[in-house]
Amino acid sequence: MKALAAVLGLLIVASACTSADSTDTSTSETIIRVSTTLEPAVGTSAVAIDERERRAGEMCFGSPVDPVGTDVKEAGRILDGRVVIGRHEEVDLALDPHWLEDPLEDANWKYGYQTLSWVDRLRRVGNIPGANERYRDLLLDWWSDNGAEVVPTTSQTVRDDYRWFDMSTAWRALVYVCALEEFGPEEWLLTALEVHGEVLSSPDAYAGRGNHALHQDMALVAIGHVLDREEWVSLGSGRATGLLESAIDAAGVSTEGSASYQLKNYRWWSEARDRLRAVGIDTGPAWERLDAMPESMSHFVAPDGEWILLGDTVPGAIGRSGNEYFDYAVTMGEVGTRPTEHTVAFDAGYLLSRNTWSFDSPDRPMTLLGLRFGASMADQVHAHEDLGSVVFYEGDRRIVEDSGLYAYFGGEIRTHMVSNEAHNVVTIDDAEYYRSAVADLTAWRSSPGWVFANISTGAIEGARWQRTVVGLLDHGVIIIDDRISQSVDRPVWQQWHLEPDIELIIEPRRVVSTTGDLTVLVLGEGDYSIDLGDGVRSTQQRKAFAVPVLRVGESGSARFTTVLATSAVSAELVWRSTSGFSISGRAGGTPFSVKVGDGTSGRGLEVRVGSD
């Protein structure tokens, strides 16, 4: 596993690790400069001054400026000369910031600092002595120090300076909109809004995809509405409507390649719809796909009530959405209504199947199997190199799981976390992963208690990989059949990132846990090597830990047929050919058999459980 030892070595100093921007530094920058000598539209607009304040009030909502439960605490911290940005640690806040601070040497901290969303907390608790004055001073100071020369950047061009980064500019624009309602049309504030609007409307500064583009669009609509710039309202609303079809599919699934970004995008797009309606725009039928998002999101919740770990996801407590299906999933059945489907195959690239939606059955724990397929990483802004990856959960156990986020900019650790080496896939030594590749879901079928799927991809340089997955979910058994063809004799590996702290015993073609709650069988006639090493997983921002990774290896074109089970399992009869496979065995004493007569389609599939 390339550079894994170095990555694990970095974990001991991760908290002090210098953030590295993973963006290709060879990318040429497009720079636009906006003069702050623009005259604010005072006296030339048909909109009266008091009308601008009213309109600012209409636009003062959304994620950067909505009240949250920690506002009073964090506002007090700011007044004491300290600040917490996002999930990062507390740092000192200067009385007169120079706005290029980087106390944690962290790109994500710098981005959050430049949004000024943290400053807006002082507005939201204005009854605290000194809060309103400090709020105005910080906003005016930022503009005075940074408004003279504007150099916008996007995710493709940003380096170390996040002052005019696409999303930080968008969120900060809403902060200034709220300030207009608070302080009225002071000349510096109107000029600041005009300049932010010019930047947000520039094609060269537009992110063009993903949620960053949406935030830019909605900030432009807000400023356009407040300043009576109808061309900005029209541009922002038109761009957002055009973006919607590629951002959220017809089933209500975000296409950003992450489990937790399902909920984030639902909230952001819902705010966008509310904003367009607030300025009198009929959003139309295209926006109705948002209504399907909450039930779709419920399938991304593991049996323990937290997100499954796919793409840039940090698990943890998930807030309710107010939808009966999603709230049922995140509260583990305490409130809401059970979702209607047990197995879904979303075009956005997720097959998710569980045996039941009951959280409280002692004899039948909820089991969830997930499989990634579909669009390329290059087309999904928060995806990993995870095409073909499998995740597997039972009850509160996360048996087979992917790497997690770690950090958006996190140097070698982040690079590894995103790579296919950190996922439950097939890898080939010294082979490039094609981030532009796709994985086709060529067949899938399901019935209560079991699921079958087949994917095919050319994501690995010089190879074709086909994966067939069968889940006997009522019995905690999954069977994975991988076929890899390559013209070069390179080592090829099937790998499984397992639960932390599990103790395993390696036997010939068999790996078992010391507690008997995990069995892995490696089947077939290949000259396999079985290796147990250290993988990496992250469940908190900038924190990572080692997990056992089981790797089964061979050279050249290879085939691996592997059984993973949450109980003692035996394989009594195994047959394999180039076109399919058959397995008979027992899981926890219950007999089962699986036959897949054609590994590239659902034809000839037979599953039997419970009879000899």
Side-chain angles (χ1 to χ4, degrees), residues 32 34 36 38 40-41 52-53 55-66 111-120 123 139 142-143 146-147 150-155 158 162-182 185 189-244 247 264-265 267-281 283:
I32 66 172
V34 181
T36 56
L38 286 168
R52 287 179 179 175
E53 293 181 41
R55 289 189 175 193
E58 292 176 341
M59 293 291 98
C60 183
F61 69 89
S63 297
V65 294
D66 282 344
Y111 147 75
Y113 186 55
Q114 298 299 337
T115 67
L116 302 189
S117 178
W118 55 275
V119 176
D120 190 71
R123 173 188 64 85
L139 294 184
W142 189 96
W143 175 247
N146 300 291
V150 181
V151 184
T153 57
T154 67
S155 297
V158 67
Y162 284 80
R163 287 175 295 176
W164 292 97
F165 180 57
D166 50 26
M167 189 168 167
S168 55
T169 301
W171 278 33
R172 187 174 59 246
L174 288 180
V175 172
Y176 279 121
V177 164
C178 293
L180 181 58
E181 181 191 25
E182 189 75 15
L189 190 49
L190 290 170
T191 304
L193 287 174
E194 286 275 357
V195 172
H196 278 75
E198 293 289 347
V199 172
L200 293 166
S201 64
S202 168
D204 292 329
Y206 188 49
R209 65 174 187 150
N211 65 78
H212 288 210
L214 174 66
H215 293 303
Q216 289 178 295
D217 294 336
M218 290 302 102
L220 188 60
V221 168
I223 293 175
H225 182 62
V226 171
L227 299 184
D228 198 28
R229 296 286 296 270
E230 287 301 321
E231 72 276 18
W232 286 353
V233 174
S234 177
L235 177 60
S237 61
R239 289 192 314 199
T241 299
L243 183 67
L244 176 61
K264 290 181 179 181
N265 274 281
R267 287 173 172 165
W268 291 332
W269 280 97
S270 296
E271 290 170 7
R273 181 166 59 179
D274 290 344
R275 193 173 303 281
L276 295 183
R277 289 173 175 174
V279 299
I281 294 176
T283 51

If you round to the nearest 0.5 Å, how far is CG of Leu193 from CH2 of Trp143? 9.0 Å
Contacts of Arg267 meeting side-chain contact (heavy atoms from CB on, under 4.5 Å) (sequence neighbours excluded), chain-then-number -> Leu263
What's the verdict on side chain to side chain contact (heavy atoms under 4.5 Å, CB included) for Val65 and Arg123, showing C-alpha distance, side-chain angles and the deciding distance? CA-CA 9 Å; Val65 294; Arg123 173 188 64 85; 3.9 Å; yes
For Arg275, all residues meeting salt bridge (Lys or Arg N to Asp or Glu O under 4.0 Å), sequence neighbours excluded: none
With Glu231, which residues qualify under side-chain contact (heavy atoms from CB on, under 4.5 Å), at least two apart? Arg229
With the side chain counted from C-beta on, respond yes when Arg55 and Val177 share a heavy-atom pair under 4.5 Å apart, and no when they do not. no
Would you mind listing every side-chain hydrogen bond (donor to acceptor under 3.5 Å, both in side chains) that reaches into residues 210-221, with sequence neighbours excluded? Asp166-His212, Trp171-His215, Tyr206-Asp217, Asn211-Glu256, Asp217-Arg239
Can you name the side chain to side chain donor-acceptor pair (under 3.5 Å) partners of Trp142, sequence neighbours left out? Gln114
With side chain to side chain contact (heavy atoms under 4.5 Å, CB included) as the criterion, how do Leu200 and Leu235 come out once you've worked through the C-alpha distance, each side chain's angles and the decisive distance to 0.1 Å? CA-CA 10 Å; Leu200 293 166; Leu235 177 60; over 6 Å; no
Using a 3.5 Å distance criterion without hydrogens, assess whether the side chain of Ser201 forms a donor-acceptor pair with backbone atoms of Gly197. yes
Sidechain-backbone polar pair: Arg172 side chain, Arg163 backbone, donor-acceptor under 3.5 Å: yes
Residues that Asp66 engages under side-chain contact (heavy atoms from CB on, under 4.5 Å), provided they are two or more places apart: Phe61, Glu271
